[in-house]
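Working notes for the structure below.
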Amino acid sequence: MTETLPALSSQYEPSATEAKWQTAWEDNHAFQADASKGGEPYCVVIPPPNVTGSLHMGHAFESALIDTLVRYHRMIGRNTLWLPGTDHASIAVQTILERQLKAEGKTRNDIGREAFLEKAWQWKAESGGTIVNQLRRLGVSVDWSRERFTMDEGLSKAVLEAFVRFYEEGLIYRGNYMVNWCPASQSAVSDLEVENKEVDGNLWHFRYPLTDGSGYVEVATTRPETMLGDTAVAVNPEDDRYKHLIGKTLKLPIMEREIPIIGDELVDPAFGTGCVKVTPAHDPNDFAMGQRHNLPFINILNKDGTLNENGGPFEGLDRFDARKEVIDWLQTEGALVKIEDYKHTVPYSDRGKVPVEPLISTQWFVKIEPIAQKTLAFLDEEQSPHFVPERWGKVYRDWLVNLKDWCISRQLWWGHQIPAWYAISETEGEIRDNTPFVVAKSEAEAWEKAIAQFGQQVKIQQDPDVLDTWFSSGLWPFSTLGWPEQTADLNFYYPTTTLVTGFDIIFFWVARMTLMASHFTGEIPFKDVYIHGLVRDENGKKMSKSADNGINPLILIEKYGTDALRYALIREVAGAGQDIRLEYNRATDESGSVEASRNFANKIWNASRFVMINLNGQTPAQLGAPSRDGLELADRWILEKFNRLVSQTRTSIDSYGLGEAAKGLYEFMWGDFCDWYIELVKLRLRQDDSPSRLAAQQTLAYVLEGTLKLLHPFMPHVTEEIWHTLTQASADEFLALQPYPEAAPVVQTSLDNDDPWNQAEPEEASAAAHSPAAAAVPKTETVLNLLSEPGQFVQFALQYKQVLLIGLGVVAAIIGFNVLDGVVSTLNAVPFVEPTLELFGLYYLGQFIYKNLLWSDRRQAFT
RNA sequence: GGGCGGUUAGCUCAGUUGGUAGAGCGUCUCGUUUACACCGAGAAUGUCGGGGGUUCGAGCCCCUCACCGCCCACCA
């Protein structure tokens, strides 16, 4: 053997290697993008993680997917930018901070806005730092020099620009409408932040007496307390039972208010009693009816969900306590007719985890319809964006079609404060629903506008509310590239290439981005949207904080390595964006699938070690590429297999089949290269200076280096480490920046075009071959298809093949290896025989028997 | 009330345009031959959810049923 064995231990140790390359990549700015270099751009913006603590397994999965795509495209020569960053997550962070304050017995009002925001920024610094470090541990190939945060200076400027432009175009308005009110966070929330839960409730039937004393009407409700705010009872105008009552009045119990009976088509005569109590201030349907019939809107609730002065005797009670009291009261009065069990849906606040109240309040809205039309036009006319898998495009479309206006104001402190300034009058001293205002990009500009509009005496005050988090994330793909400035990055990298994200934020985020972008940039901000599934826990449950079933990616990284975790996640991915389930043992922190991937990394490591031990210290470049003439059957076989692997891998990745590509690489590396090829060439490698040995060495080196490149996007660290030893590359040269292999046959095999067996079927073959599709099928396959038609032929051929194989193996062993070797040499000389595993089985079996059983004395001489 | 996914080996899941049912883990047998025991050689295990249809041939196409899961929706 050689004296210069590469110093590689027999086991791959991930932790040191990973840290080493992560640092080296970053220190050398390996992933820093440069628009001025031109070429074909490939750009991905990270779905910015919320600064709410730390990353979870879903982030690890998503980052692995993106990084694999990004590294691949960088290697195939695209001018690649992966832009990292984080999101301020207005309501989520504020909820956390308020919980902390509550633990100290304080509220946000106790410490004031300024101190609260200081705390928030401090939290952002800590959480953001944690997240960035975690991203590094995942080995992401992002451009850290372009890292952004949704509330940094540039992005805040973009938010102002967007808001002001929307406003000036009449697409943002302030108005008094019914919104979802979360009593826990004491803010409005958008429809999307409401989760409808089915609960076992009741349907209470009440009796309201007619004012003229001629009887009663019976109404049914699931929320009795709202009756305090009733201002009418509605019936269907076609309902023969009740239509004569329309126009009469009722006396509302408890409140003793006189309310009318109105006719409205919305009422379903078949449901309940056919009479509906109308509470315009506390139900979206009733709100609409209230508007149609000019009913009074009586708000009975405070912001915290307790009853206000309109709650009569129940003022001050919590809404659910008030419900009980109202029922008791009506029962005592004899107005409660019956209580039914009733299953219905109740809207819950996503963040606050309490039922939301439909409430009328003054909020800011984005008028969606005109914007959505543009966005829809892109989808319908240009199929943009293109969803993978396609079915999500339908989901996206359906949502865009049915959009209501977007409530963008939140009664919170952490976020982008709304850039509206109110002219406060001396007498009122505070912002009212109808206080006049100006919208401006800065306070100075607001002053100017206010003075021009309201005169010198004006006092102005900025709107205390902040914008919905998704307003700024909606601008993310272009604001991070410099918008509204026409920067070089924006010109070159925008629209971005691919967005990778989960189906759970298609509405929240993907659609908001396409809306914002189609309006402000006139383009859809990404060509493809790759939708991945959720990572579920070992029982198939969605991971969540409340269920406490999260799996910390760092634990698995420490145990098995980043490459192993990435690979385990990606190989589970099927084509269809299905959820994936991660094997995990909570008692031992072990994961079978990650362990299997760790073993694969180790297999790559040891195969590489074997190859390097047998190259006599030469690099693949020094050995030279395998040349056609010296190649033996086994070499040609593995080279052809490798060549096919290259095109399969590229095809799979190009169509987002990352799991498929990962599995193909695994099978080739472990099955073909290690189990077969390496075993086959062991004898040849011991022959001194023979052409046969050289061919084997060249082939080993060539295939190994190529496979490392193919694997690199999936397992960046282990491949980078091995590649440096194999090629003796300098420390600032990276596999990560090498060209990805291209399919380039180095040997002629049966798959070459000039092979007569590979020509398309000429004309009249069989009935089965007459379809247009069949005409393109190579002849070999057609023949196989024909043979299999009766069915039994295949069965027979298979059995025959095995018998043949075993028989020949025995014969080979008996007549001796040299004869067999002669046969193989003959086969080597014939260009159009495709090497098969079966043939190798024969060859290998012969070698094995020869080596171990028969001519042990000759074996001595040989080795 | 609409819509979408899923149901394949003990477990987790692949199965590309219909053409010999696969992988990983687990189980069993053998093996400590100098790349790797985080290994190697080999084995067992499937009425492909049920029923019907099309076809020479269906895990794959069509119909239908069942169960699991998800999304959307203003029925009080």
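The sequence lines fix the lettering, A, B, ..., with proteins before strands; numbering per chain opens at 1.
- For A:Asp537, there are no salt bridge (Lys or Arg N to Asp or Glu O under 4.0 Å) partners, not counting sequence neighbours.
- A:Tyr396 comes within contact range of no nucleotide atom at all, as no heavy-atom separation falls under 4.0 Å.
- Residues passing the ring-ring contact (aromatic ring centres under 6.0 Å, His included) test with A:His293: none are found, sequence neighbours excluded.
- Inspection of the A:Thr226 and A:Lys277 side chains reveals an N or O donor paired with an N or O acceptor under 3.5 Å.
- A:Arg581 pairs by the salt bridge (Lys or Arg N to Asp or Glu O under 4.0 Å) definition with nothing, not counting sequence neighbours.
- Applying the side chain to side chain donor-acceptor pair (under 3.5 Å) rule to A:Glu705 yields the partners A:Trp723; only residues at least two apart in sequence or on another chain are considered.
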Task: Dot-bracket pairing map - RNA chain B, Watson-Crick plus G-U, both contacts under 3.5 Å, | cross-strand - done: (((((((..((((.....[..)))).(((((.......))))).....(((((..]....))))))))))))....
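- Residues passing the side chain to side chain donor-acceptor pair (under 3.5 Å) test with A:Asn599, sequence neighbours excluded: none.
- Rounded to whole angstrom, the span from the CD1 atom of A:Ile531 across to the P atom of B:rG5 amounts to 15 Å.
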Extract from the structure each pairing of a protein N or O with an N or O of nucleotides 38-42 of chain B at less than 3.5 Å, listing the distance.
| residue | atom | partner | partner atom | Å |
| --- | --- | --- | --- | --- |
| B:rC38 | O4' | A:Asn599 | OD1 | 3.0 |
| B:rC38 | O2' | A:Asn602 | ND2 | 2.9 |
| B:rC38 | O2 | A:Arg598 | NE | 2.6 |
| B:rC38 | O2 | A:Asn599 | OD1 | 3.3 |
| B:rC38 | N4 | A:Gln11 | OE1 | 2.2 |
| B:rC39 | OP1 | A:Asn599 | ND2 | 3.2 |
| B:rC39 | O3' | A:Lys603 | NZ | 3.1 |
| B:rG40 | OP1 | A:Lys603 | NZ | 3.0 |
| B:rG40 | OP1 | A:Trp670 | NE1 | 2.3 |

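- A:Lys541 has no side-chain polar atom (N or O) that falls below the 4.0 Å cut-off from OP1 or OP2 of B:rG69.
- A:Phe287 is linked by a ring-ring contact (aromatic ring centres under 6.0 Å, His included) to A:Phe297, counting only residues two or more places apart in sequence or in another chain.
- Residues that satisfy the ring-ring contact (aromatic ring centres under 6.0 Å, His included) test with A:Tyr584, not counting sequence neighbours, are absent from this structure.
- Here the separation of B:rU45 from B:rU64, taken at their P atoms, is 37 Å to the nearest Å.
- Remark: nothing in residues 191-203 of chain A comes within less than 4.0 Å of RNA chain B through any heavy atom.
- Note on A:Tyr584: every side-chain N or O is 4.0 Å or more away from OP1 and OP2 of B:rU12.
- Atom pair A:Ile580:CD1 and B:rG5:C1' shows a separation of 16 Å (rounding to whole Å applied).
- Taking A:Glu538 as the reference, A:Arg586 meet the salt bridge (Lys or Arg N to Asp or Glu O under 4.0 Å) condition, with sequence neighbours excluded.
- Residues meeting the salt bridge (Lys or Arg N to Asp or Glu O under 4.0 Å) test with A:Arg319, sequence neighbours left out: A:Glu357.
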